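Here's the structure, in structure tokens; my notes come after.
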2 protein chains.
Amino acid sequence: MVNRLGNLDRVFQALGDPSRRAIVAKLVVGPASVSQLAEPLPMSLPAVVQHLGVLESAGLVSTEKVGRVRTCRLEPEVLRRAEAWLGDQRTAWEDRLDRLGVELGKPSEQSRKA
Amino acid sequence: MVNRLGNLDRVFQALGDPSRRAIVAKLVVGPASVSQLAEPLPMSLPAVVQHLGVLESAGLVSTEKVGRVRTCRLEPEVLRRAEAWLGDQRTAWEDRLDRLGVELGKPSEQSRKA
DNA sequence: ACTTCAGTTAAGCAGTTACCTAAGTATCGC
DNA sequence: GCGATACTTAGGTAACTGCTTAACTGAAGT
């Protein structure tokens with residue numbers, strides 16, 4: 001239950017599909033039922049459920065079945081985790097450029113960090 | 001040449017593999033040759049080249065062959081594009097929470113934006 | 001010229017993915 | 001209870017992935 005919430009492999013792989021990103025984008029404005037999510041997508045309902053399974057096992061969405069309707073909601077923490085990884089790479093890159101500039105004796109305008 | 005640089009499908013899919021993320025993480029600290037990238041990875045060189053192909057066609061890295069050595073460098077703009085998508089979703093989510101709080105008459109501590 | 005080094009090309013293969021249709025199960029509204 | 005609704009399960013298929021080994025090309029070093 002805990003390990004599911006940090007697997008970047010699954011997270012990025014899940015986001016690598018346009019239908020799944022569309023689902024995420026829809027859940028961002030509020031929870032929705034399976035058929036509400038399926039309605040705009042050009043595929044069968046079982047296919048949508050499969051996509052939801054991928055998103056859920058990546059920890060990006062959680063679902064709860066009430067009567068006969070399964071309600072899906074976004075799990076923003078995992079989204080944030082992915083964003084953090086990208087941010088880390090970007091800052092590492094920027095730090096490197098910074099250091100490069102310093103080593104060349106060129107005081108880059110990015111070195112206003114301290 | 002232009003359309004390659006914005007395909008989120010390919011970008012996220014490329015990042016959905018640990019070996020490929022390892023390559024990105026290594027390129028973040030500076031350009032490297034194919035065999036330098038391959039050295040820590042537990043797989044054959046052709047496999048690494050294939051991963052590089054995926055990263056390149058996602059626009060995440062660019063390569064240039066000089067003598068017999070191909071040098072790979074990170075393309076940070078595409079990384080930033082992916083980060084932006086995640087950021088957009090997160091802010092949409094936060095805006096929604098904000099509005100929800102407002103509609104409940106509860107002045108949330110996030111509404112200090114204006 | 002000969003060898004080694006860096007990478008490339010080709011073929012193949014097991015496992016996964018993204019769909020489908022058809023048939024089921026379990027509410028819910030009347 | 002009876003039909004419609006909201007999924008769920010099962011099974012199948014075509015295409016794609018992530019790897020492998022083997023054989024090749026071409027640049028460098030000696």
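Values below: all heavy atoms of this structure, side chains included; hydrogens, waters and symmetry mates excluded. Not measured: the values here are computed from a predicted model. Residue numbering restarts at 1 for every chain, and letters A, B, ... go by the order of the sequence lines.
The residues B:Arg80 and B:Glu83 are annotated as not salt-bridged, no charged nitrogen and carboxylate oxygen being separated by less than 4.0 angstrom.
Atom CD of B:Glu56 is separated from atom C1' of C:dT8 by 14 Å (rounded to the nearest Å). Atom CG in B:Asp9 sits roughly 19 Å away from atom P in D:dA15 (whole-Å rounding). Rounded to an integer number of Å, the gap from B:Leu37 CG to C:dT8 P is 12 Å. Atom CG in A:Leu15 sits roughly 16 Å away from atom C1' in C:dT17 (whole-Å rounding). If you measure from atom CG of B:Leu52 to atom P of C:dT8, you get 9 Å, rounded to the nearest angstrom. To the nearest angstrom, C1' of C:dC19 lies 12 Å from CZ of A:Arg20. The interatomic distance linking B:Asp17 (CG) with C:dT17 (C1') rounds to 15 Å, in whole Å. If you take CD of A:Glu64 and P of C:dT27, they are 15 Å apart, rounded to a whole angstrom.
Applying the 4.0 Å criterion to OP1 and OP2 of C:dC19, one finds that A:Ser44 has every side-chain N and O outside that range. Under 4.0 angstrom from either OP1 or OP2 of D:dT17 there lies no side-chain N or O belonging to B:His51. B:Gln13 has no side-chain polar atom (N or O) that falls below the 4.0 Å cut-off from OP1 or OP2 of C:dT17.
Distance check: A:Thr63 OG1 to A:Leu27 CG gives 10.5 Å after rounding to the nearest 0.5 Å. The distance from the SG atom of B:Cys72 to the CG atom of B:Leu37 is 5.0 Å, given to the nearest 0.5 Å. A distance of 11.5 Å separates CG of B:Leu55 from OG of B:Ser62, quoted to the nearest 0.5 Å.
Here A:Ala47 lies in heavy-atom contact (under 4.0 Å) with sugar-phosphate atoms only.
Every pair passing salt bridge (Lys or Arg N to Asp or Glu O under 4.0 Å) that includes a residue from residues 19-48 of chain A is listed here, sequence neighbours excluded: A:Arg21-B:Asp9.
In this structure, A:Phe12 and A:Trp85 have perpendicular ring planes: the angle between them is above 60°, well past the 30° mark.
The 5' end of DNA chain C is approached more closely, in terms of each residue's nearest nucleotide, by A:Gly16 than by the other of A:Gly16 and A:Val66.
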Tell me, for nucleotides 6-12 of chain D in 5' to 3' order, what letter each nucleotide earns: B for a base near a protein heavy atom under 4.0 Å, S for only sugar-phosphate near one, - for neither? SSBB---
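For the pair A:Arg90 and A:Trp93, the cation does not sit on the ring face, since its NZ or CZ is not both under 6.0 Å from the ring centre and inside 45° of the axis.
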